[in-house]
Amino acid sequence: MDLEQCWNHYRKAEQLLEQGHWSEAQFLYDQVLVHMPSHIHAAVFNDDTKPCQFVCLITVYRDAAVSQSQILNRVGQYQAAFNCLNQAYGLLQFISIEQCEIVNATEHLLSQSSNDLLNHIGAFCSSQRSAHWMFEFELLQKAQHYFDTLKCAQQMPFQTPVMN
């Protein structure tokens, strides 16, 4: 599915969700979530991608994942709701460690979007009132810490020790 079709599906899904047509919106969000990661990856490695375009891709992907997870949660598909948020969160985390111009230019948005998804995951896990879900959230928080450490290490200048 090309990017324009993804955008149209996303907009239509938003309308359907507002009208209460959950199953139709769920289908369209699913299509967006399947195809948007490849568009995001292509944008990362395309030198012609402008930061505003990249921001739009990330925002649509994040918002589609949140909306889809809310639908899945409402219909009792808890594991699928968690997986949807977790997959989007993971993609943004891995994108954020890419060392390229577009990622550097939008670093703040990537971090904010990742944190938004992590907060949604935290709210989801807390609402389940289960030790299993809280353990899953704890694992994600640890992963967040490791990604933050990796990002900090990438920003530090690399120095090769010299022996005299």
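Being a predicted model, the structure only gives us computed values, none of them experimental.
Within a 6.0 Å radius of CG in Asp2, more than 12 heavy atoms belonging to other residues, nucleotides or ligands are found. Heavy atoms of other residues, nucleotides or ligands lying less than 6.0 angstrom from CD of Glu4 number 12 at most. When the shell of 6.0 Å around CD of Gln5 is examined, it contains more than 12 heavy atoms from other residues, nucleotides or ligands. Within 6.0 Å of NE2 on His132 lie more than 12 heavy atoms contributed by other residues, nucleotides or ligands.
Put simply, the side chain of Lys50 does not reach to within 4.5 Å of the side chain of Ile102, judged on heavy atoms. A heavy-atom distance below 4.5 Å is not found between the side chains of Met134 and Gln128. The shortest side-chain heavy-atom distance between His120 and Tyr89 does not fall under the 4.5 Å cut-off. With a 4.5 Å cut-off on side-chain heavy atoms, Met1 and His9 count as touching. Residues Thr49 and Val44 form no side-chain contact, since every pair of their non-hydrogen atoms from C-beta on lies 4.5 Å or further apart. You'll find the side chain of Ser127 stays beyond 4.5 Å of the side chain of Trp133, heavy atoms only.
Criterion: ILVMFWY side-chain heavy atoms under 4.5 Å apart, direct or through other members. Under it, Ile71 and Leu16 are not part of a common hydrophobic cluster. Cluster membership check: Met36 does not share its hydrophobic cluster with Leu72, using side-chain heavy-atom separations under 4.5 Å among Ile, Leu, Val, Met, Phe, Trp and Tyr. The hydrophobic clustering, which links ILVMFWY residues whose side-chain heavy atoms are closer than 4.5 Å, places Val75 and Phe27 apart. Under the 4.5 Å side-chain heavy-atom criterion for Ile, Leu, Val, Met, Phe, Trp and Tyr, Leu28 and Val32 are members of distinct hydrophobic clusters.
Contact detail for Ala65 and Ala88: the closest heavy-atom pair is CB-CB, 3.6 Å. The two residues Cys84 and Leu33 have their closest heavy-atom pair at SG-CD1, 3.6 Å. Scanning both residues, Tyr61 and Leu91, for their nearest heavy atoms gives CE2-CD2, 3.4 Å. Among all heavy-atom pairs drawn from Phe82 and Cys125, the shortest one is CE1-SG, 3.9 Å.
If you take OG on Ser113 and CG on Asp63, they are separated by 8.0 Å, rounding to the nearest 0.5 Å. Annotation: the span from Ile95 atom CD1 to Cys100 atom SG amounts to 8.0 Å, rounded to 0.5 Å. To the nearest 0.5 Å, atom CD of residue Gln141 and atom CD1 of residue Ile121 are 10.0 Å apart. Taken to the nearest 0.5 Å, the CD atom of Gln112 stands 4.5 Å off from the NE2 atom of His108.
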Quick one, Asn104 with Glu101, criterion side-chain contact (heavy atoms from CB on, under 4.5 Å). Give me CA distance, side-chain angles, the key distance, then yes/no. CA-CA 5 Å; Asn104 292 337; Glu101 232 178 275; 5.7 Å; no
Working note: Glu98 + Phe45, criterion side-chain contact (heavy atoms from CB on, under 4.5 Å); need CA distance, chi angles, decisive distance, verdict. CA-CA 10 Å; Glu98 289 289 339; Phe45 299 108; 3.7 Å; yes
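Remark: Asp116 engages Arg62 in a salt bridge (charged side-chain N to carboxylate O under 4.0 Å, His left out) (not counting sequence neighbours). Residues that satisfy the salt bridge (charged side-chain N to carboxylate O under 4.0 Å, His left out) test with Glu138, not counting sequence neighbours, are Lys142. Taking the side chain to side chain donor-acceptor pair (under 3.5 Å) definition, one finds that Asn83 meets it with Gln79, sequence neighbours left out.
With hydrogens and angles disregarded, a donor-acceptor distance shorter than 3.5 Å links the side chain of Ser69 to the backbone of Val66. In this structure a side-chain-to-backbone donor-acceptor pair under 3.5 Å is present from Gln68 to Gln26. No side-chain donor-acceptor contact under 3.5 Å links Ser111 to the backbone of Glu107. Put simply, the side chain of Ser126 never gets that close to the backbone of Ala123: no donor and acceptor are under 3.5 Å apart.
Here the rule is side chain to side chain contact (heavy atoms under 4.5 Å, CB included) with Phe54, and of Leu110, Leu109, Thr59 only Leu110 fits it. Considering Asn86, Leu140, Leu85 as possible partners of Leu117, the one that fulfils the side chain to side chain contact (heavy atoms under 4.5 Å, CB included) test is Leu85.
Ring geometry for Phe124 against Tyr78 counts as tilted: the plane angle lies between 30° and 60°, on a 0 to 90° scale.
Neither side chain, Gln31 nor Tyr10, offers a donor N or O lying under 3.5 Å from an acceptor on the other.
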